[in-house]
Colleague: 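Okay, handing you the structure first.
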Amino acid sequence: MTRKDDASLSGAYALNALDAEEAKAFEAHLAENEETRNEVTELADTAVLLGLAVAPETPPASLKASIMAQLATTPQLDREPVTSPDARFAGRAETAAQARWFQRPVNAIIGIAAAVALIIGGGVAVNAISTNVTQSAEANQLAAIQAASDSQSLKGSVAGGGKATLVYAPSLKASALIVEGMNALPADKVYELWYINEAGARPAGTFTIGPDGKMWQVLEGTMTPGDAVGVTVEPHGGSTAPTTDPVLVIASA
Amino acid sequence: MLETVTADNDVTAEGQAPAARLQDLLERVAQADQRAFSELYDALSPRVFGLIKRLLRDHAQSEEVTQEVFLEIWQTATRFDPNKGGATTWILTMAHRRAVDRVRSSQSSRDRDTRIGIRDYKVDYDHVSETIEVRLEHERVEKAMTRLTELQRQAVSLAYYGGYSHSEVAQMLSVPIGTVKTRLRDGMIRLRDELGVTS
């Protein structure tokens with residue numbers, strides 16, 4: 001393609017009207033052509049105004065709950081190592097050349113989306129968790145806990161494998177446990193949650209783990225300040241007091 | 001003494017969050033602040049969902065894509081650079097990109113509206129009245145759109161609001177693909193100038 005042909009794609013590119021291959025070729029052109037780059041930037045900003053002309057519509061509350069429920073298990077990308085002396089080793093020259101341009105939010109998305117897919121291993125985790133979220137009352141509770149002004153997020157490791165995050169809102173006396181990488185149990189066993197303090201352990205519900213090792217659950221009952229949250233393996237149906245050593249204990253502040 | 005302190009960042013209409021606040025929220029989201037994320041969601045999800053639904057039509061799919069967008073915001077907020085555009089720009093650009101990807105990936109639903117035709121891809125006038133700000137933005141765009149030629153307007157609308165590729169647009173409008181490319185560019189440049197966008 002001649003340079004002139006390339007430049008003529010700026011409108012289509014800003015509107016996301018190129019197919020993947022054309023977009024990639026055009027990006028290579030952009031990396032070397034400042035003039036076209038500026039034009040695309042302006043046209044992409046113009047496209048945003050077209051977007052702002054669309055009537056806003058508030059999505060259902062269940063959607064927010066579903067999204068909030070996934071944050072604790074959704075890793076964030078590291079900040080870009082902009083000033084690192086090792087940055088020159090970061091990648092191929094081509095990548096480096098594009099980086100200047102791709103740091104622009106407008107186009108960063110394409111590259112980052114691919115990177116994210118690698119990091120989080122695709123949509124599997126996300127879907128697995130969102131299945132639970134059909135219990136939307138519980139999802140709403142979880143969203144409320146996460147959104148509370150005093151909400152705290154506490155991490156712990158599960159004996160035998162797995163990571164856990166306890167989200168606790170003292171103002172709501174409520175908490176939720178989110179786990180991943182936990183082992184599934186035989187059918188005659190369940191995991192049981194406990195509020196633990198000097199007075200002993202109070203049951204806070206039971207749960208099971210599917211083949212994907214993931215689960216989240218809002219704890220039953222009320223959490224009082226100073227309570228730790230523990231998990232034990234119990235017979236099917238749960239126990240009124242722990243009968244085994246905990247596989248997880250997370251202390252709240 | 002005359003105080004003009006917050007005028008620039010002030011709320012311009014009900015429900016409109018000032019840009020500085022959104023940027024601050026996004027900064028906090030980059031530090032895994034879920035409360036900030038919750039506020040950012042409240043401020044921008046109607047914009048995101050509205051735009052996505054404009055392209056996809058389907059409510060359930062629009063929810064899914066809105067979810068994708070907000071999880072991507074969570075994941076990539078660390079890479080947001082305020083020197084290179086505002087939070088709203090960053091997020092709406094992401095939303096449009098994701099919506100287009102979804103449109104392209106569901107071919108069956110594509111055939112849905114090839115027949116519905118172009119009239120549907122005009123900016124919906126009737127539904128826009130929620131806030132003065134939205135109304136003004138809408139009218140500004142609407143007015144700028146009238147400065148385009150008919151072909152430019154149709155091409156830009158089909159591409160942006162319909163999520164069609166330039167070759168699909170060419171087919172729908174029965175013009176050569178080269179013409180569509182040029183019209184998309186002329187049209188967008190005209191809109192840029194009419195709307196006073198500068199980098």
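What you see below is based on every heavy atom in this structure, not just the backbone, and it leaves out hydrogens, waters and symmetry mates. Letters A, B, ... are given to chains in the order of the sequence lines, protein chains preceding strands, and every chain is numbered from 1.
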Colleague: What residue, out of A:P60, A:A12, A:A14, A:A20, has the most heavy-atom pairs lying under 4.5 Å from chain B?
Modeller: A:P60
Colleague: Relative to chain A, which of B:D186, B:L92, B:T182 shows the most heavy atom pairs under 4.5 Å?
Modeller: B:L92
Colleague: Please look at A:A72 and chain B and tell me whether the side chain, the backbone, both or neither of the residue comes under 4.5 angstrom of a heavy atom of that chain.
Modeller: both
Colleague: Would you call B:R54 and A:E57 a salt bridge, taking side-chain N to carboxylate O under 4.0 Å as the test?
Modeller: no
Colleague: Is it the backbone or the side chain of B:V169 that comes under 4.5 Å from a heavy atom of chain A, or both, or neither?
Modeller: neither
Colleague: Charged N to carboxylate O below 4.0 Å: is that the case for B:R190 and B:D193?
Modeller: no
Colleague: If only side-chain N and O atoms count, and only distance matters, is there a donor-acceptor pair under 3.5 Å linking B:E150 with B:Q154?
Modeller: yes
Colleague: Salt bridge or not between B:E64 and B:R102? Use side-chain N to carboxylate O under 4.0 Å.
Modeller: yes
Colleague: Over 60° means perpendicular and under 30° means parallel, so classify the ring planes of B:Y160 and B:H96, tilted if in between.
Modeller: parallel
Colleague: Is chain A contacted by the side chain of B:Q152, its backbone, both, or neither, given a heavy-atom distance below 4.5 Å?
Modeller: neither
Colleague: Find the one option among A:L18, A:L52, A:V48, A:V167 whose heavy-atom pairs under 4.5 Å with chain B are most numerous.
Modeller: A:L52
Colleague: Between B:E194 and B:R140, does any NZ, NE, NH1 or NH2 come within less than 4.0 Å of an OD or OE carboxylate oxygen?
Modeller: no
Colleague: Do you know which of B:F49, B:Y41, B:W74 has the most heavy-atom pairs with chain A at a distance under 4.5 angstrom?
Modeller: B:W74
Colleague: Based on non-hydrogen pairs under 4.5 Å, which of A:P59, A:S151, A:S153 is most in contact with chain B?
Modeller: A:P59
Colleague: Pick from B:D101, B:D42, B:V180, B:I91: which one has the most heavy-atom pairs with chain A under 4.5 Å?
Modeller: B:D42
Colleague: Strictly below 4.0 Å, N to O, side chains only: are A:E27 and A:K24 in salt-bridge contact?
Modeller: no
Colleague: Quick one: what part of B:I52 sits under 4.5 Å from any heavy atom of chain A, side chain, backbone, both or neither?
Modeller: neither
Colleague: As an exercise: rank B:G50, B:A32, B:S38 by heavy-atom pairs under 4.5 Å with chain A and give me the winner.
Modeller: B:S38
Colleague: With no hydrogens and no angle check, do the side chains of A:D150 and A:S171 hold a donor and an acceptor under 3.5 Å apart?
Modeller: yes
Colleague: Among the options A:K64, A:E39, A:M68, pick out the one with the most heavy-atom pairs lying under 4.5 Å from chain B.
Modeller: A:K64
Colleague: What part of B:A30 gets within 4.5 angstrom of chain A, counting heavy atoms only: side chain, backbone, both, or neither?
Modeller: both
Colleague: Taking CD in A:E35 as the centre, count heavy atoms belonging to other residues, nucleotides or ligands within less than 6.0 Å. Is the count above 12?
Modeller: no
